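Proteins come first, then strands; the chains are lettered A, B, ... in the order of their sequence lines, and each starts at number 1. Since we're looking at a predicted model, the values are computed, not measured.
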There are 2 protein chains.
Amino acid sequence: MQYRFSDNVVSLNPSAIREILKYASDPEVVSLSAGNPAPEAFPVDAVREITARLMAEHPIDALQYSTTEGYTPLRTRLTAYMKDKHQVGTEDDDILITAGAQQALELAAKALINRGDAVICEAPSFVGSLNSFRSIGARLVGVPVEADGMNIEALERALKENPNAKFIYTIPNFQNPSGVTMSWEKRRRLYELAKQYGVIVAEDNPYGELRFEGENVPAIKTLDRDGVVLYVGSFSKVLSPGLRVGYAIGPKELLKKMTVCKQGEDVHTAILPQMICDEFMGGYDFEKHLEHLRAIYRHKAGLMLSLIDRHLVPAGVTYDPVQGGLFVWCRLPDGADMPRFCQEAVKVHKVAVVPGNAFLTDEKEPCQAFRLNYSTPTDEEMEVGMERLGRFVAEYCR
Amino acid sequence: MQYRFSDNVVSLNPSAIREILKYASDPEVVSLSAGNPAPEAFPVDAVREITARLMAEHPIDALQYSTTEGYTPLRTRLTAYMKDKHQVGTEDDDILITAGAQQALELAAKALINRGDAVICEAPSFVGSLNSFRSIGARLVGVPVEADGMNIEALERALKENPNAKFIYTIPNFQNPSGVTMSWEKRRRLYELAKQYGVIVAEDNPYGELRFEGENVPAIKTLDRDGVVLYVGSFSKVLSPGLRVGYAIGPKELLKKMTVCKQGEDVHTAILPQMICDEFMGGYDFEKHLEHLRAIYRHKAGLMLSLIDRHLVPAGVTYDPVQGGLFVWCRLPDGADMPRFCQEAVKVHKVAVVPGNAFLTDEKEPCQAFRLNYSTPTDEEMEVGMERLGRFVAEYCR
């Protein structure tokens, strides 16, 4: 049988990360390539207690069909929480519970993108989202990320040159992979440009609550009085990624279309996970839990940065300081073949990092950077892995 | 802000069923319009026990990220079960765990359909799937369903006239909404035609295990030696729909593309629900549980058919006998305005049924049929609802 795949997916392949991750499952390899929360960040006792209570008190609700929009108590709670704590969402907005943030972004693309329409995104950006947009037929237009976020002049050029741009995709806090946080000034300018050009902003904020240093910068969505911003949140980094619960807060008209699309994708998000999220936010001290997570990642990031200083900086590696999130973005001195570098790192030196190219709109562009993750490895693994990487970098950059 | 929706979704609206279901939430209304499993069909004690054990023994696995392909023990177990019990799946096939059967079908469409490509489906067919295909840009081509399944001559004509047809969508057992089961002879002919025209068969089988009468007809997939059939199964009707766990068994090359697409949709299916399905199949007597479900639906279907005989048949309503599944398809004497009939039924007479038009590739075509569900209402509700419907039908058909 000759399969005739759609034009959108025919050249879509598992990302380069997956190739690295395959080797990373070798028990001898230290993986600094994942993006998993630290196991000690899971509130296991609370979830155990909640699950037992739900299955004792509401077993039929937990097992029966539910509504596409999401579990009503969770929608109500999140709407209030995001409005009160983060000034996100207005009377003109609605909320949709999704299967992780990923689905919210994919639904936005499905609702807006005709094959060939542009999505303007940060370069580099999260490869999972880029592939999601590609699978809908989007043409990706990258805008360089600077130390304080997107280059706004380049963004305006991109908007001018792409009248069929449908949305701007940004991860404004502790961006994956660069770790960069967009300044308030740039958020304001991005919002104004989006409004001016009639383009949606998809604001993806999985890491915002994981700031362990510095001052919080308000969401772009806090500026929104014109129905321009779709805010996307997630429980993956603050409670559990395995539950696959995220949400979108945005203009009613857009959410209505996304809801019809979601109905055709999975009918609704699994209901037991939604109930667990709701009970956890309501019955436990969520803010104290977030403080606990911040302490974990503050420690891990501190250790990672000291190991970079010790093992990589002497060989010429540079990096930007991090104030939150899960990643550090490191640049080798000019001239590295990054995919080859990362393959040799994992195959020969048994340490896995992700080549920066994987995060570009065109993976074949050259890139001097790789992404380091500090949330998944233990302290010991980080020390062993970074020593291995240091030895390899010293040899490679000689 | 002026929203510029994609061509695929711009005219996509919540289905007519949702309009009916809105009224059906009125506590005075008896709903014969849903498709929910009977609450007494949920093995609540077993799931409670399993969930407690999982959260005690494997809490981190239940909360951490998992793989896009699905939970390995569940994939292994289902592969063996489907091969041993149903002769579904060969060495050339793979299995992908999805967020319900719906996602498997949507992923198949995403992997195969360019805007304007045809999906050949039964007329009538399940509106959730039809909308899913529409949201990808598929053009739907309906083939009439007869008492023994698709009209095969019409199918061949449709294949001839639509060289850009990418797949044939069929629910061969206890079809939603018609209740029809496709004969073995027609399954064989459908398979041969699909192979001849190089078109995938998407075989959606949510109700197959719910046969409470008559002889099982083997799946179309049992014929597949050429990588033609994508078999789609689900835990929704045999364990719990709220868990949102389904699966696709099909040719490796197709599943690989669907897996890349799934990665961009939800990364993976929520892991705790997958673990629950696996433990339930492995640790409990699954066949005995299925027998229990069949007994429930045998009773409910029997009651429904006797109520149809008593209340609807005297007014001229006809129907086909059912041997499984959740639905009965009833036809009024010629000349009814079905959407109006159903609206009046729910608004004035407080009984909700679904107009047959909702299940057509073109909802505006006339249709004499409505769909009755017997799985969701209690016996008492069924009796009250059918009496109301009987009085209305008698008046309407006078």
Side-chain angles (χ1 to χ4, degrees), chain A residues 1-7 9 12-14 36 39 42 44 47-48 51-52 55-56 59-60 62-66 99-100 102-103 106 110-115 128 131-132 135 166 198 226-228 240-244 251 253-254 257 260-261 263-273, chain B residues 1-7 9 12-14 36 39 42 44 47-48 51-52 55-56 59-60 62-66 99-100 102-103 106 110-115 128 131-132 135 166 198 226-228 240-244 251 253-254 257 260-261 263-273:
Chain A
M1 176 92 170
Q2 184 72 34
Y3 301 106
R4 297 172 288 160
F5 293 116
S6 67
D7 297 336
V9 314
L12 201 64
N13 287 309
N36 291 7
F42 296 130
V44 167
V47 177
R48 187 180 292 135
T51 311
M55 288 310 302
I60 301 298
L63 297 174
Q64 189 55 282
Y65 273 120
S66 185
Q102 193 63 75
Q103 191 187 34
E106 191 267 354
K110 209 183 221 179
L112 294 167
I113 297 291
N114 291 318
R115 182 169 163 77
N131 273 344
S132 181
S135 77
K166 288 297 184 63
D226 306 275
V228 171
S240 146
L243 294 176
R244 307 307 306 131
E253 199 182 331
L254 175 58
K257 282 292 177 205
V260 181
C261 290
Q263 207 182 3
E265 263 180 31
D266 61 3
V267 189
H268 64 80
T269 300
I271 186 72
L272 180 59
Chain B
M1 178 92 170
Q2 185 71 37
Y3 301 106
R4 296 172 289 160
F5 293 117
S6 67
D7 298 336
V9 314
L12 200 64
N13 287 309
N36 292 6
F42 296 130
V44 167
V47 177
R48 188 180 292 135
T51 312
M55 288 309 303
I60 302 298
L63 296 174
Q64 190 55 282
Y65 274 119
S66 185
Q102 193 64 76
Q103 192 187 35
E106 191 265 354
K110 209 182 220 179
L112 294 167
I113 297 290
N114 290 319
R115 183 170 163 76
N131 274 344
S132 181
S135 76
K166 289 298 185 63
D226 306 275
V228 170
S240 147
L243 294 177
R244 309 307 305 128
E253 199 182 330
L254 175 57
K257 282 291 177 205
V260 181
C261 291
Q263 207 183 2
E265 263 180 32
D266 62 3
V267 188
H268 63 79
T269 299
I271 185 74
L272 180 60

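Contact between B/Gln102 and B/Arg244 at its shortest, heavy atoms only, is CB-NH2, 4.4 Å.
Heavy-atom pairs under 4.5 Å with chain A were tallied for B/Ala52, B/Pro273, B/Cys261, B/Ala270; the largest tally goes to B/Ala270. Heavy-atom pairs under 4.5 Å with chain A were tallied for B/Ala56, B/Gly100, B/Ala111, B/Ser132; the largest tally goes to B/Ala111. Taking chain B as the reference chain and counting heavy-atom pairs below 4.5 Å, the highest number among A/Gln2, A/Arg4, A/Gln103 is found for A/Arg4. Across A/Asp266, A/Leu243, A/Thr269, the residue that shares the most heavy-atom pairs under 4.5 angstrom with chain B is A/Asp266. Heavy-atom pairs under 4.5 Å with chain A were tallied for B/Glu106, B/Arg48, B/Glu265, B/Met1; the largest tally goes to B/Glu265. Each of A/Pro241, A/Ser240, A/Pro59 has some count of heavy-atom pairs under 4.5 Å with chain B, and the biggest count is that of A/Pro241. Ranked by heavy-atom pairs under 4.5 Å with chain A, the first of B/Leu63, B/Val9, B/Leu254 is B/Leu63.
Looking at B/Lys110, both its backbone and its side chain come within 4.5 Å of chain A, counting heavy atoms on both sides. At a 4.5 Å heavy-atom cutoff, the contact between A/Ile113 and chain B is made by backbone atoms alone. The contact between A/Tyr3 and chain B is made entirely by side chain atoms (from C-beta outward), counting heavy-atom distances below 4.5 Å. With a 4.5 angstrom heavy-atom cutoff, B/Pro39 touches chain A via backbone and side-chain atoms both. Only the backbone of B/Asp226 comes within contact range of chain A, judged by heavy atoms closer than 4.5 Å.
Panel note: side chain B/Lys257, backbone A/Leu12; a donor-acceptor pair is recorded below 3.5 Å. A donor-acceptor contact shorter than 3.5 Å links the side chain of A/Thr51 to the backbone of A/Val47.
When side chains are defined from C-beta on, B/Ser6 counts as touching A/Asn114, because their heavy atoms get closer than 4.5 Å.
In this structure, CG in A/Asn131 is found 7.0 Å from CD in B/Gln263, a value given to the nearest 0.5 Å.
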